[in-house]
Structure formats: C-alpha cells, structure tokens
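Just below is one structure, and these are the notes that go with it.
We're numbering straight along the sequence, starting at 1. The model shown is predicted, which means the values in this text are computed figures rather than measured ones.
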Amino acid sequence: MAIDAPTDRDTTMDAAKVMAPGAAASPPLSRKPDASPQVAALLPAQEAVRLSAIPFRLDEQRGLLNVAMLDASDFAAADEISVCAGRPVERVAVTREVFAELLRELYGVTAAQMAARLGGEEGEGEELISNLEAIEADDLHRMAAQPSLINLVNLIILEAIRARASDIHVEPFERRLAVKYRVDGLLVEQESPPKQLQPAITSRVKIMAGMNIAERYAPQDGHISLRFEGRKIDIRVSTVPTLYGESVVMRILDKEAVTLDLATLGMREEDRQCMQRLIDLPHGMVLVTGPTGSGKTTTLYAALTKLYDPALKIITIEDPVEYELAGVNQIPVNPKRGLGFADGLRSILRQDPDVIMVGEIRDGETAEISVRAALTGHLLFSTLHTNNAVSAIGRLLDMGIEPFLLASVLEGVLAQRLGRRLCQKCLVRTPLTEELSHRLTPWERGLFQQDGVWRGAGCEACGGKGMRGRVGFYEIFLTNMAIRQATTRRATSLELGRLVGPEFQTMRRDGVVKAAQGLTLLNEVFSATQDAEEVPEE
C-alpha cells in the first residue's frame, strides 16, 4: 500500500556496518522473498511492527542477517536489530505489500493483535478517554504520526481489502471502539482496538484523507488513494460527530474487484437482451431504480462499458464518481462550488454529448432537464429511488414532469436488488422446509419439489460461511404503446403493471429462479424483495 510512514529515528550509524555495499540503492522488492519463521523469531512481532523491519533469512556464507525494511536508510533500526540478534545485518528494501505479507506469514499479525500491543494493559488511558475534548490538535498530530499507529491503520485497511469489504466502519461507544467490515452487504465486527487509541486512529484516517483533524464537531468528507497489489484503490472517507467521538466510515472503491459485465452480475439472458435494445437506442431515457446499495451505479457502468465507442461522446455527472471508466468524461458533483446535478446537466448539454449519465434524479429541476435532454436527441441514463420498475413513472410525474413529455421519452426501466451469492465450491442439497414452502406460490414451489434447495456447506474459499459475493435480482420492462398511453392519463402503478407484457418477470420471481439454480438462498430473495410490490398476473 503506497502510504507514507514517517519515522523520527536517527540515521547516524555507518551504513558499512549493517549492510553490503550498494544495498541501499537497490529498488524495493515487489515480490515476497523466501522467509524462515525461525529467523523471524529473533525479533519479537511488536518490535518488527515498531521498527518496520522483519528478519527473514540468514546468509550463512556471509554471516549476514537479511532484514526486510520499509525504510532501508533507517540505520538506527538496523543497528537495534543487529544488537538484538547478535549478528551483522543486511538491509533489504521491500514494498509495503511485501512487508505486510511477510508480517502475516511470519508473525500472524492482525490489526487486532497490533492494536492490543499498542493499547497496553486493560484500563490504561482512561484519563485520556474522559478528556477527549481537551486533546489539542498538535497532540493529535503527534499521536497520528507514530509509526506503529500508522502501521495499525494501514493494516486495518489492508485486511478489509483482503476480506473483500465494501466499507470500513469505526464506531465510538462509551467504553469501546468498534471496527466493522461490510462484506457482501453484511457488517462483520472485528476485534476492537483499545478505546484509548480512538483519537489517534481517527486522526490518522483524517490526515490520510486530507481532512481537518482539529475540527471534531462537524461532519467532514475526504478521499484516500492508494495502491494495493499493483492496482489503484480509492477510499471515500466520511466522519460525523457522535456522543462519544467521531464515527468514521471508509467506502472502498476497488474497480478491479467489480465486474462490469451484465451476465456476471447475474442478469438472465432475456433481461440482457432487453438491456441491449435500450443501449442500442439513438435517444431517449433509460432508468435504473432501487434503494441505496442495490447496485444501480454498477449496472449503469456496465451498460456504459458495453455502449462505449470512440465515435460517441459520453459524459456522466455523479455524486461521487465511484469508478473511473476509460473513454468516458466523468464529472463529480460539487455543491460547495455551485455544481449540482441540474447545473452540471445544463453544462453537459453544451458539450455536444451523444450519451449522458446522471447519477441520480433527486428533484424536479434535474428531472425536467433530463427529460428535455432525452427529447433533444440524447440517450440519457439515470437512477431513481423506487421500490419497483413501474413505480418510476409515478415518481417522475410526482416531480412535476408533464405526462405527455414523459410518455414520449421514457424507453425502459430496470429495477434491481442484491442478495448474497452461494459459494459455488461447496453447494449441497437440503429439503425444502415447511416455512419456506408456505412463502412460495404454487409455480415457485414446483421448482423445488423434486430436489429441494441449495445451500453452502462452507469451505476454505468462502471462509466456512457458505456465501461468497453477491448476485442481482432484476425486473425490466420496455415502454410499449399501451404504457405510453397509460402514462399520458396518469395511470396508477397497479394499472401500469398489467401492461408491461407477458415476458416481464418480477425481481422476486427472478430471485426464486436463481435460488433454484443454486445461486442464492430463498431467504436472501425474500429479504431483498419484500418491499417490492408484485405486478399482478393476468
């Protein structure tokens, strides 16, 4: 991870005493070298963390102890290790990724273990806890600049990325500091760091995100960019003041961990064909609906990726830009500077675009400009917060859009939810329980009568949980003449639902079919789609 870790140790020792000539000039190793646990045992784990150095190999021929170091010019640390091990040291510069791998392999160091070492004995720091408000900004800077604290925060982030977490939550309570990772949509609590480390951890994150550490009583937003295993990762940071300190949430945006492919996201072939017809349109409005966290932006990114052509001018306006798309002009919303969705959309129309993506239609002004953009020959994609696909029409009418205008520009609506995906490496069959059977329609029950339902038994690939990743549940309709006429006369969602066509499949039914195929659990489907009204069947 490319995060600087400053050190205040002196660099007074003669380099010739601790290293072979020319070693300091060598570039950092980017691949983990062979390492010996017996050699690593010469230096305790807490000292390795404190010194940012790990003994990993003994060069018998030259009688030198090879030591992996984040800072190969740190002579004082090398001298300390040499005295501790009783051998001359050869310093080997390594990248942060390699150092973290060696730390885990040789010491099994986790963020919780490191935090416990930094926190000291139970009960220490109570005076600090009760006087958080009195801590000066200079003291926060000093605490956050400690190399061991820097390594702790780095390791919290590193472990979250390795666990495929989408968010890191640092939540202060009266007597403890909770750290949670959101993995596959669920929060998983980690071992808590000592409470006395709260101001230092919070301040370190705020420094990394370019935020004001002296401001502890107002919400702040920031951004961290880092490199992990050769790929760029962006982290959006948000802090809000609570009763016992600042709550910190870090949203991890790892583009390479997100698949921008509709089939891989779980969309069935029939829905992909409908989406392709919408993507191929020369102009009009296409909407994706669902609650926050349902994957709407990812679906739109997948559509734009499929749509991309150097001959097209594609511009997006988003709040914020979550992933960078090659060949697409992406504009982040900046309300503090007067750049909102409505103002940004007006400016985009002067840029001669072919395709426009509006991150979200939140108000009547943005909705009106979006409709007029679609009317004037642009293909416009956007999102709405509605429970199902047909409700999008009523929501736009409620925002003040004229029915005849909406009827002429709306080409189709996709609604979606996300559920946890079954691990495909440990699938087993189990009988369908009475409780689940009663919640199914006769048609749905017929999918499970012979073979029962799938579940994940738990294996190494999924960490024994039986679930790994997420899968989408979708419903999509293309606007037909009957729907346009019903929109013009402000028909209800119930009426519109009868006009979507025989090929339409609700999110719930899509999820049930996927459960029968072994992609998810029925409970995941019921939980994700319980707020989506069923479209009445003929």
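We find the CE-OH distance between Met357 and Tyr301 to be 5.0 Å, quoted to the nearest 0.5 Å. With values rounded to the nearest 0.5 angstrom, Leu226 atom CG is found 6.5 Å from Ile157 atom CD1. Note: Ser166 OG to Asp254 CG = 11.5 Å, rounded to the nearest 0.5 Å. Distance CG/Leu287 to OG/Ser382: 6.5 Å, rounded to 0.5 Å. Put simply, CD1 on Ile314 and CG on Leu325 are 9.0 Å apart, with the number rounded to the nearest 0.5 Å. Distance check: Leu384 CG to Ser391 OG gives 10.5 Å after rounding to the nearest 0.5 Å.
Two residues are said to be in side-chain contact when any heavy atoms from C-beta on lie closer than 4.5 Å; Arg362 and Asp319 meet this criterion. Inter-residue side-chain proximity for Ile279 and Val286 is flagged as unmet; no heavy-atom pair is nearer than 4.5 Å. With a 4.5 Å cut-off on side-chain heavy atoms, Ile317 and Ile315 do not count as touching. With contacts defined as side-chain heavy-atom distances shorter than 4.5 Å, the pair Leu265/Met267 does not qualify. Using a 4.5 Å heavy-atom threshold, the side chains of Pro219 and Thr239 count as separate. Side-chain atoms of Val413 and Phe477, non-hydrogen and from C-beta on, do get closer than 4.5 Å to each other. Using a 4.5 Å heavy-atom threshold, the side chains of Phe381 and Leu304 count as touching. In this structure, Leu414 and Thr289 have side chains that are not in contact, with every pair of non-hydrogen atoms separated by 4.5 Å or more.
Note on residues 429-438: pairs passing salt bridge (charged side-chain N to carboxylate O under 4.0 Å, His left out), not counting sequence neighbours, are Arg429-Asp451. Listed by first then second residue, pairs satisfying salt bridge (charged side-chain N to carboxylate O under 4.0 Å, His left out) with a partner in residues 272-298 read Glu269-Arg272, not counting sequence neighbours. Residue pairs meeting the salt bridge (charged side-chain N to carboxylate O under 4.0 Å, His left out) criterion with at least one member in residues 453-464, sequence neighbours excluded, do not occur.
Between the side chain of Lys180 and the backbone N or O of Glu171 there is no donor-acceptor pair closer than 3.5 Å. No side-chain donor-acceptor contact under 3.5 Å links Ser437 to the backbone of Thr433. Under the 3.5 Å distance criterion, the side-chain polar atoms of Arg395 are matched with a main-chain donor or acceptor of His385. In this structure, Glu475 contributes its side chain and Thr506 its backbone to no donor-acceptor pair below 3.5 Å. Side chain of Gln190 to main chain of Val188: a donor-acceptor pair is present (N/O by atom type, distance under 3.5 Å, no hydrogens or angles). The backbone N or O of Ala482 sits nowhere less than 3.5 Å from a side-chain atom of Gln485 that would complete a donor-acceptor pair. Side-chain N or O atoms of Gln330 include one that pairs as donor or acceptor with a backbone N or O of Tyr323 at under 3.5 Å. Between the side chain of His378 and the backbone N or O of Ala373, at least one donor-acceptor pair lies under 3.5 Å. In this structure a side-chain-to-backbone donor-acceptor pair under 3.5 Å is missing from Asn388 to Ala415. A donor-acceptor pair is defined here as one N or O able to donate and one able to accept, closer than 3.5 Å; no such pair exists between the side chain of Ser527 and the backbone of Asn523.
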- Begin from the C-alpha positions of Phe526 and Arg439 and carry the test side chain to side chain contact (heavy atoms under 4.5 Å, CB included) through to its verdict. CA-CA 9 Å; Phe526 298 148; Arg439 300 183 67 179; 3.3 Å; yes

- Check the pair Leu432, Leu522 against side chain to side chain contact (heavy atoms under 4.5 Å, CB included), reporting the backbone distance first and the verdict last. CA-CA 10 Å; Leu432 179 67; Leu522 279 173; 3.9 Å; yes

Evaluation steps, side chain to side chain contact (heavy atoms under 4.5 Å, CB included), between Glu411 and Met285:
CA-CA 6 Å; Glu411 299 294 343; Met285 174 184 280; 6.0 Å; no

Notebook entry, point to check: After noting the C-alpha distance and the side-chain angles of Val98 and Thr95, does the key distance pass the side chain to side chain contact (heavy atoms under 4.5 Å, CB included) rule?
Noted result: CA-CA 5 Å; Val98 171; Thr95 63; 3.3 Å; yes

Salt bridge (charged side-chain N to carboxylate O under 4.0 Å, His left out) for Lys514 and Glu524? Distances and angles first, verdict last. CA-CA 11 Å; Lys514 284 169 180 170; Glu524 288 291 313; over 6 Å; no

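Residues satisfying the side chain to side chain contact (heavy atoms under 4.5 Å, CB included) test with Lys425, not counting sequence neighbours, are Cys423, Cys459, Ala461. Under the side chain to side chain contact (heavy atoms under 4.5 Å, CB included) criterion, Asp167 pairs with His169, Arg182, Val249, Arg251, sequence neighbours left out.
Looking at every heavy atom in both residues, Ala516 comes nearest to Leu447 through CB-CB, 4.0 Å. Minimum interatomic distance between Ser247 and Thr242 (heavy atoms only, all atoms of both residues): CB-CG2, 3.8 Å. The nearest pair of heavy atoms linking Arg490 to Leu397 is NH1-CB, 3.8 Å. Considering every non-hydrogen atom in both Ala367 and Leu396, the closest pair reads CB-CD2, 4.1 Å. The two residues Ala163 and Tyr181 come nearest to each other via the heavy atoms CB-CD1, 4.5 Å. What you find for Ile483 and Leu478 is that their closest heavy atoms are CD1-O, 4.2 Å.
Looking only at atom types and distance, the side chain of Thr492 has a donor-acceptor partner in the side chain of Glu495 under 3.5 Å away. In summary, the side chains of Thr520 and Arg421 do not present any donor paired with an acceptor at a separation below 3.5 Å, with no hydrogens or angles considered. In summary, the side chains of Thr299 and Gln416 do present a donor paired with an acceptor at a separation below 3.5 Å, with no hydrogens or angles considered.
Remark: Glu324 CD is loosely packed, at most 12 non-hydrogen atoms of other residues, nucleotides or ligands lying under 6.0 Å away. By the neighbour-count criterion of 12 heavy atoms within 6.0 Å, atom CZ of Arg236 is densely surrounded, having more than that number from other residues, nucleotides or ligands. The 12-atom threshold is not exceeded at NZ of Lys306, counting heavy atoms of other residues, nucleotides or ligands nearer than 6.0 Å. Environment of CG in Asp309: crowded, with over 12 heavy atoms of neighbouring residues, nucleotides or ligands closer than 6.0 Å.
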Can you list, pair by pair, the side-chain donor-acceptor contacts under 3.5 Å of residues 398-409, counting residues two or more places apart and other chains?
from   : atom 1 : to     : atom 2 : distance (Å)
Ser408 : OG     : Phe404 : O      : 3.3
Ser408 : OG     : Leu405 : O      : 2.7

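Salt-bridge formation is detected for the pair Arg164/Asp184: a Lys NZ or Arg NE/NH1/NH2 atom is positioned less than 4.0 Å from an Asp or Glu carboxylate oxygen. A salt bridge between Glu105 and Lys32 is present, with a side-chain N of the basic residue lying under 4.0 Å from a carboxylate O of the acidic one. Here Glu246 pairs with Lys206 in a salt bridge; the nearest charged N to carboxylate O distance falls below 4.0 Å.
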